[in-house]
There are 2 protein chains.
Amino acid sequence: MSTRREAVRQALTGSSGFRSAQDLYADLRAEGSKIGLTTVYRALQALSDSGEVDVLRTDDGEAVYRACDTESHHHHIVCRVCATAVEIEGPTVEKWAAEMGAQHGFRDVTHTVEVFGTCANCSR
Amino acid sequence: MSTRREAVRQALTGSSGFRSAQDLYADLRAEGSKIGLTTVYRALQALSDSGEVDVLRTDDGEAVYRACDTESHHHHIVCRVCATAVEIEGPTVEKWAAEMGAQHGFRDVTHTVEVFGTCANCSR
DNA sequence: CCATTTTTGACAACCATTTTCGTTTTCGCG
DNA sequence: CGCGAAAACGAAAATGGTTGTCAAAAATGG
């Protein structure tokens with residue numbers, strides 16, 4: 001169902017790195033789609049609710065989305081220049097977070113980790 | 001100088017955990033201060049520029065601030081109910097982030113880590 | 001085909017944050 | 001003190017990403 005949502009998913013999958021809703025909207029319009037901004041937001045919300053995409057907030061408060069290859073819990077290392085993201089795993093961090101929680105009496109501990117850097121391409 | 005900025009700093013220092021600009025504004029007004037919202041924002045921006053407070057974004061895009069005890073790099077574990085924050089250190093994570101960066105050819109690697117949970121008090 | 005439900009998109013509403021701008025306060029200095 | 005420049009302030013308006021509204025359009029299924 002819902003061709004539109006599919007279009008948003010593909011626009012997201014087709015580009016590496018984190019994209020904002022407005023970015024995706026612009027992309028789709030540029031391709032000739034008559035999609036509305038509202039629908040892009042709705043699609044992204046649905047996709048993030050179902051866990052198909054990751055969401056995080058930039059420092060200026062914009063929400064950015066990314067389609068992930070794996071469904072399991074993982075993190076990213078994002079290039080601060082070109083926004084390319086590489087998925088990374090961190091058993092170390094997972095364990096550390098859990099330990100810290102226990103140590104301070106916290107329950108149901110979750111965490112967000114984002115690593116930023118300048119990728120090999122962009123640092124040349 | 002700037003009595004107002006001092007008032008904001010104290011409002012922030014006086015309360016544990018992360019507070020939003022609007023929260024602090026409400027607090028100050030409740031205390032009888034005639035401070036304006038604009039000034040609260042300006043003060044918080046100045047304080048964060050000078051590194052005296054930490055800033056991060058909640059999932060709904062609001063900016064929250066916290067006065068930290070130490071000036072060195074560290075992270076927090078935040079109660080998702082009462083927003084109380086405990087400072088934690090993570091040599092493990094620092095090392096891990098650096099390693100991951102090197103491994104994928106990233107330079108100037110930085111990272112943000114936030115741990116959330118329900119604190120002992122609130123989980124009762 | 002028609003009725004019902006779902007999806008869509010233009011537009012208005014929201015709300016945190018920023019800008020603008022005229023006023024007030026602070027500060028340096030005679 | 002007293003005065004003028006500079007900084008700080010606050011009210012109100014503007015901004016901009018995101019969400020809500022609602023009527024039209026498309027899918028669904030008798």
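Naming: A, B, ... by sequence-line order, numbering from 1 per chain.
No hydrogens or angles considered: nothing links the side chains of A/Tyr65 and A/Glu52 as a donor-acceptor pair under 3.5 Å.
Atom pair B/Asp59:CG and D/dT19:C1' shows a separation of 16 Å (rounding to whole Å applied). When rounded to the nearest whole Å, the span between CD1 of B/Ile35 and P of C/dT25 equals 15 Å. For A/Asp60 and D/dG17, the CG to C1' distance is 10 Å, given to the nearest whole Å. When rounded to the nearest whole Å, the span between CZ of B/Arg29 and C1' of D/dC9 equals 12 Å. Per the geometry, CG belonging to A/Leu37 stands 14 Å off P belonging to C/dT8, to the nearest Å. For B/Asp49 and C/dT17, the CG to C1' distance is 15 Å, given to the nearest whole Å. The CD atom of B/Gln45 sits 16 Å away from the P atom of D/dG10 (whole-angstrom rounding). Put simply, CZ on A/Arg5 is 12 Å from P on C/dG9, counting in whole angstrom units.
The pairing partner recorded for D/dG30 is C/dC1, the criterion being a Watson-Crick or G-U wobble arrangement whose two distances lie under 3.5 angstrom.
With a 6.0 Å radius and a threshold of 12 heavy atoms from other residues, nucleotides or ligands, B/Asp60 has its CG atom above the threshold.
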- prompt: Which is it for A/His76 and A/Val86 under the side-chain contact (heavy atoms from CB on, under 4.5 Å) test, yes or no, and what are the steps along the way?
  reply: CA-CA 5 Å; A/His76 300 104; A/Val86 180; over 6 Å; no
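In this structure, of C/dT20, C/dT17, D/dT18, it is C/dT17 that holds the atom nearest to the side chain of B/Ala63. In this structure, the nucleotide among C/dT17, D/dT18, C/dT8 sitting nearest to the side chain of A/Arg4 is C/dT8. Relative to the side chain of A/Thr38, the nucleotides C/dA10, D/dT18, C/dT18 differ in distance, and C/dA10 lies closest.
Toward the 5' end of DNA chain C, the nearer of the two residues B/Arg42 and B/Arg57, judged by each one's closest nucleotide, is B/Arg57.
Contact annotation: A/Tyr41 reaches the phosphate of D/dT18 (side-chain N/O to OP1 or OP2, under 4.0 Å). Residue B/Thr39 has a polar side-chain atom (N or O) positioned under 4.0 Å from OP1 or OP2 of D/dG10.
A salt bridge links B/Arg66 with B/Glu87; the closest basic N to acidic carboxylate O contact falls under 4.0 Å.
A centroid separation of less than 6.0 Å is found between the aromatic rings of B/His75 and B/His111.
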